[in-house]
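Positions are given from 1 along the sequence. Hydrogens, waters and symmetry mates are skipped; everything else that's a heavy atom, side chains included, is used.
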Amino acid sequence: MKTIDETTMREMILQVLYVERKNLRSKAKTDQRMAEELSKIIIDYAKRA
């Protein structure tokens, strides 16, 4: 099993926080759509590692 280095983990966390902040401001996404977008970010970073 691959491990994620600290830099990649920080980038992923910042990306997730950015998406959450954007959603809180606009209230455009439901919880389900927000969860799908966050899982997509995590999967993208996992594929890079």
Side-chain angles (χ1 to χ4, degrees):
M1 185 172 166
K2 294 182 181 180
T3 58
I4 299 174
D5 65 348
E6 188 173 340
T7 305
T8 304
M9 183 60 92
R10 287 180 189 263
E11 288 176 11
M12 186 170 44
I13 290 169
L14 289 174
Q15 184 78 19
V16 167
L17 290 174
Y18 172 75
V19 170
E20 286 180 344
R21 184 185 68 181
K22 189 169 72 173
N23 187 49
L24 285 174
R25 285 185 180 169
S26 68
K27 297 284 187 192
K29 295 182 183 155
T30 63
D31 288 343
Q32 178 64 31
R33 286 194 57 214
M34 189 66 188
E36 290 169 1
E37 190 165 336
L38 294 177
S39 67
K40 186 174 76 172
I41 291 169
I42 293 168
I43 290 169
D44 288 345
Y45 274 91
K47 287 180 182 177
R48 284 191 215 171

- [ ] Dump the intermediate steps for side chain to side chain contact (heavy atoms under 4.5 Å, CB included) on I13 and V16, then the final yes or no.
- [x] CA-CA 5 Å; I13 290 169; V16 167; 5.8 Å; no
Task: Interatomic spacing from CD1 in I42 to NZ in K47 - rounded to 0.5 Å - done: 13.0 Å
TODO: Check whether the side chains of E36 and Q32 place a donor and an acceptor atom closer than 3.5 Å, and report yes or no.
DONE: yes
Open item on the list: In the structure I gave you, are the side-chain heavy atoms of E20 and L38 within less than 4.5 Å of one another anywhere?
Closed with: yes
Open item on the list: Hydrophobic cluster membership, with links at side-chain heavy-atom distances under 4.5 Å among I/L/V/M/F/W/Y: are L17 and V19 in one?
Closed with: yes
Task: Salt bridge flag under 4.0 Å for residues E6 and R10 - done: yes
Task: Straight-line distance of D5 CG to E11 CD, nearest 0.5 Å - done: 8.0 Å
